[in-house]
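Structure record follows, encoded as structure tokens.
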Protein chains: 2
Amino acid sequence: MATSLLIFEDNNQLRQSLQALLDDGEFFSVKGAFEHCLEAEKEVLQHQPDLVVMDIDMPGRTGAEALRAIKSLRPDTRIVIYTVFDDDERIFECLCSGADGYLLKHTPPAKLLGALQEAMEGGSPMSPQVAGRVFRYFRDQGQQQADAYNLSAREKEILQYLIKGNSYKMIAGHCFISTDTVKKHLQNIYIKLHVSCGTEAVAKALKERLVSF
Amino acid sequence: MATSLLIFEDNNQLRQSLQALLDDGEFFSVKGAFEHCLEAEKEVLQHQPDLVVMDIDMPGRTGAEALRAIKSLRPDTRIVIYTVFDDDERIFECLCSGADGYLLKHTPPAKLLGALQEAMEGGSPMSPQVAGRVFRYFRDQGQQQADAYNLSAREKEILQYLIKGNSYKMIAGHCFISTDTVKKHLQNIYIKLHVSCGTEAVAKALKERLVSF
DNA sequence: TTGAAAATCACCCGAAAGGGGAATTGACCG
DNA sequence: CGGTCAATTCCCCTTTCGGGTGATTTTCAA
């Protein structure tokens, strides 16, 4: 059974190329190709596609808006963004809106086909450049100043164990020190983090990403 | 000029296969292949590789730890994770630690080679399954599905207070109920979340975004 | 209307958490 | 060399946490 799909792409030439490429009669069957997504909901309900290939920048309504509309109508519809834009703002908007893939338009046809198949198998294809943005996002979140609170290496280690749900006694076992020492370290940690108890410390550490998850 | 690389992989057979595959004398030149990453810093300084292929689960020291160590020594070294693990925790730990790619071990050889080349061209190759986790992470940012654990409205409210660092007594004051009732609610919450204490519950709630930050 | 959750409160009790103070060791620094 | 600081241990002590048991009321859907 071929994957039924809809295309939303405002560039006429590209839309027709896409349609020709994807309507191969074997893996994919193009049920419709539109130059705007103003009536995306109607078209999705009418054709009940398995997959939607969506440009972002289209007249009247952005692909991200249509994406959200389609996902709230038929959450299981797979939606892959296909665009020239690789800026953080557009990427993260689409990711947060529930896109299942994000491919750049310079993707060669063979890879495009492979990527769309991966999308149908539950994977989330992403162009390496786009993935790079995502990696950078996490890296920048992760390695911000954990030293802002001046925690020593030992204190960070003990905080890490606390976050895993360990009791004083368990932490002591892991670190091969006495529970009193653990308690003293945690007292110092609480002072440095300006909190008053373990749960608050865990919350603060996770919120501000003082430790890796 | 071939890309010089180091391999860290504890499975002997796989390490040798990788070495044979990657040491093609054309695009890649394997400068070393090690079964643990205990001395990763030394080996990286000695060989000055362009690229490191790193397993996660290795005896003595995880790949994520070595990753951080290498990145702080030579930030421009490209590091691609190569592992069987596709759980959120490991993926996000590596992403936050500055990985430049995350490939699963079932990646076919041809794709592996392509992915490593992409990594050297500034891209960040990611297996579609891994990308799926990342997409899900972003999607869940916007709409939180707190009902996964079947918490009642009151329980969510009390969990929220706990995360703010409130004691049983303080929560009781906020909610105008007795501390015994607070305790009962928290007991039920712990059972539902499959945790055994407050800190663990806070950690789980924040990690899985059961509550708003 | 009846029954199942949810929410509420109470009591007992042991374990854990956390505050305060005091002291030792070792490393690093000027 | 002495001073500082992180790491460590131990003591005191009180409060809080959390398990267990049992009970009442409220709410909501079948």
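To find a chain, count down the sequence lines: A is the first, B the second, and so on, and within it residues start at 1.
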> In whole Å, what is the span from the CD1 atom of A/Ile189 to the P atom of D/dT8?
Replying inline: 11 Å
> Would you say the side chains of A/Ser4 and A/Asp50 form a donor-acceptor pair under 3.5 Å?
Replying inline: yes
> Which pair of non-hydrogen atoms, one from A/Thr179 and one from A/Lys169, has the smallest distance, and what is that distance?
Replying inline: CG2-CA, 3.6 Å
>> Without decimals, in angstroms, what is the distance between B/Leu151 CG and C/dA7 P?
In response: 10 Å
> Do the charged groups of B/Glu9 and B/Lys105 touch, with an N to O distance under 4.0 Å?
Replying inline: yes
> What integer distance in Å separates A/Glu157:CD from D/dA6:P?
Replying inline: 16 Å
> Over how many whole Å does the gap from B/His185 atom NE2 to D/dG18 atom P extend?
Replying inline: 15 Å
> Which whole-number value in Å describes the distance from B/Asn166 CG to D/dT16 C1'?
Replying inline: 14 Å
> For the residue pair B/Tyr161 and B/Ile171, what are the closest heavy atoms and their distance?
Replying inline: CB-CG1, 3.7 Å
>> Using whole Å, what does the distance between atom P of nucleotide D/dT16 and atom CD1 of B/Ile171 come to?
In response: 13 Å
>> Given 3.5 Å as the limit, does a donor-acceptor pair link the side chain of B/Gln48 with the main chain of B/Leu45, or not?
In response: yes
>> Return the CD to CG distance between B/Glu208 and B/Asp88, rounded to the nearest 0.5 Å.
In response: 8.5 Å
>> What is the separation between atom CD on A/Glu155 and atom C1' on D/dC5, rounded to the nearest whole Å?
In response: 11 Å
>> At 10 degrees resolution, what angle do the end axes of the helix from C/dT1-D/dA30 to C/dG30-D/dC1 form when each is taken over five base pairs?
In response: 60°
>> Can you identify which nucleotide, out of D/dT16, C/dC9, C/dA16, has its nearest atom closest to the A/Lys169 side chain?
In response: C/dA16
> Taking 4.0 angstrom as the limit, do A/Lys164 and B/Glu89 come out as a salt bridge?
Replying inline: yes
>> If you compare every side-chain N and O of B/Ser178 against the phosphate oxygens of C/dC9 (OP1, OP2), does one of them come in below 4.0 Å?
In response: yes
> Which letter, B, S or -, goes with each nucleotide of nucleotides 18-30 of chain C from 5' to 3', with contact meaning a protein heavy atom under 4.0 Å?
Replying inline: BB-BB--------
> Where each residue is assigned the nucleotide of DNA chain C containing its nearest heavy atom, which of A/Ser167 and B/Ser152 is assigned the position nearer the 5′ end?
Replying inline: B/Ser152
>> Between B/Glu93 and B/Arg90, does any side-chain N to carboxylate O distance fall below 4.0 Å?
In response: no
>> Salt bridge check, A/Glu118 against B/Lys111: does any charged N sit closer than 4.0 Å to a carboxylate O?
In response: yes
> Between B/His194 and B/Glu200, does any side-chain donor sit less than 3.5 Å from a side-chain acceptor?
Replying inline: no
Measure all distances between protein nitrogen or oxygen atoms and nitrogen or oxygen atoms of nucleotides 25-30 of chain D, and list the pairs falling under 3.5 Å.
none

> Would you say B/Thr181 reaches C/dC9's phosphate, i.e. side-chain N/O to OP1/OP2 under 4.0 Å?
Replying inline: yes
> Are any of the side-chain nitrogens in B/Asp100 or B/Lys71 under 4.0 Å away from the carboxylate oxygens of its partner?
Replying inline: yes
> Please give, in whole Å, the distance from D/dA6 P to A/Asn150 CG?
Replying inline: 8 Å
>> Does this structure show an ion pair linking A/Arg61 with A/Glu41, if we count only N-O contacts that are shorter than 4.0 Å?
In response: yes
